[in-house]
Amino acid sequence: MLLIKSRVKKYCVAALWLFSSPIIFARGGQEISPEDRKQLKVGNFALPLSQQPAPLFSFGQNLVAQGDFLAFLYVAQLKGKQKSLVEAYPFFLYGITDKLSLVISVPIAAKFQEEQYTSHDFEDLIVELEGIIYLSETSTSVNMISLLGDIAFPTGSTSKTPATGLGSPHFFLGVTLSRTQLDWYYFTCWGGIMTTTHHHSKIGNSLLYQFGVGRNIAYRSDRWLLNWMIELDGTYEQRDKICGVVDCNSGGNTLFLGPSIFFSTQRFEMDIGIQGVVAQHLFGVQSRDSYFAEAYFGWKF
């Protein structure tokens, strides 16, 4: 369902503790000075960090310089047999430090439709922290590991059909590994969503596993850059429990694959892409997914 799939672009208590601990940097075991952080302004490094390529469908890697504030408008659609879930929502990103970023996302179900039922409402509000735990830089490459955690507050509705929320807080903890070169960009992300019980019912926990590769198409230093990327995103969901009884027609494993195009300038950025289902094994009898499309438009203030 899109409530889980859309979390892919997103334990907060555990994350806060981890992010407050010393950050690890690689280069002789010492923290890198601002002067040493400067890459050549070519390819993927043609623009500042906030305007450089990052995954569209996969979670994390929302890292910017201290004091940077960006606002985005996301639109997304999960299409399947007898269902179409459409979202349109604002997404805010702020650099608390050069090593720690805050994300606030307010998902809105613009039109959720399953069979003959239609609903629209706010979904569950998401607050996320992401911090760097390993960083190795040269003038032509960056290797990074980040840790992120978020909490989703139950602002959506469970009384509507389709539901626009899970009905109780749920938590996410994940890790990302990435390598950025002048022309190429590689990453993998692993994480899990842990749900809580509401009125003796509980949506199944989820495991996310994601991979991607991108390449710079063209750029002009300090002006703009254009990239393509292809992402492979997998989600394994446990079965739900409804009033304490396991729902046999829930849960399963789905694998999406597809490309996206990223463009940015000093202030503006956009990313548009589509993924098709390359493998799907669902438990019991469920409506199958066909594709997931997503786009965003952002501005740096």
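Computed over heavy atoms, backbone and side chain alike; hydrogens, waters and symmetry mates excluded.
When only modelled atom types and interatomic distance are considered, Tyr185 and Gln52 share no side-chain donor-acceptor pair under 3.5 Å. Side-chain N/O atoms of Glu130 and Ser146 include a donor and acceptor closer than 3.5 Å. Checking Glu237 against Ser206 by side-chain atom types alone, no donor-acceptor pair falls below 3.5 Å. Side chains of Asn62 and Tyr94: a donor-acceptor N/O pair is absent below 3.5 angstrom, by distance only. With 3.5 Å as the limit, one finds no donor-acceptor pair spanning the side chains of Thr197 and Lys202. Side-chain N/O atoms of Gln275 and Asp233 include a donor and acceptor closer than 3.5 Å. At a cut-off of 3.5 Å, with distance as the only test, no side-chain donor of Asn44 or Asp183 sits close to an acceptor on the other residue. For the 3.5 Å distance criterion, the side chains of Gln77 and Tyr291 qualify, holding a donor opposite an acceptor. Judged purely by distance below 3.5 Å, without hydrogens or angles, the side chains of Ser287 and Glu114 never pair a donor atom with an acceptor atom.
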### Task
Please step through salt bridge (charged side-chain N to carboxylate O under 4.0 Å, His left out) for the pair Asp289 and Lys79, ending with a clear verdict.
CA-CA 6 Å; Asp289 298 325; Lys79 180 69 174 178; over 6 Å; no

### Query
Given Tyr236 and Tyr209, is the ring-ring contact (aromatic ring centres under 6.0 Å, His included) satisfied, shown in steps?
CA-CA 9 Å; Tyr236 172 78; Tyr209 51 100; 8.7 Å; no

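Here the side chains of Gln181 and Tyr186 are in contact, with some heavy-atom distance below 4.5 Å. Side chains of Phe171 and Thr196 form a contact here, defined as non-hydrogen atoms less than 4.5 Å apart. Using a 4.5 Å heavy-atom cutoff, the side chains of Val213 and Met229 are not in contact. Contact of the Ser157 side chain with the Ser119 side chain is not registered, since no non-hydrogen atoms from C-beta on lie closer than 4.5 Å. A 4.5 Å side-chain heavy-atom check between Ile145 and Ile132 finds every atom pair outside the cut-off.
A salt bridge links Asp222 with Lys41: the closest approach of a Lys/Arg side-chain nitrogen to an acidic carboxylate oxygen falls below 4.0 angstrom. Taking 4.0 Å as the cut-off between side-chain N and carboxylate O, Lys160 and Asp121 count as a salt-bridged pair.
For Phe112 and Tyr117, the ring centers sit 6.0 Å or farther from each other. Outside the 6.0 Å centre-distance limit, the rings of Phe263 and Trp228 are not counted as a close aromatic pair.
Judged by distance alone, with hydrogens and angles left aside, the side-chain atoms of Arg267 form a donor-acceptor pair with the main-chain N or O of Phe301 at under 3.5 Å. His200 places no side-chain N or O within donor-acceptor distance of the main-chain N or O of His198, the cut-off being under 3.5 Å.
Residues Leu102 and Phe69 share a single hydrophobic cluster, defined by chaining ILVMFWY side chains whose heavy atoms lie under 4.5 Å apart.
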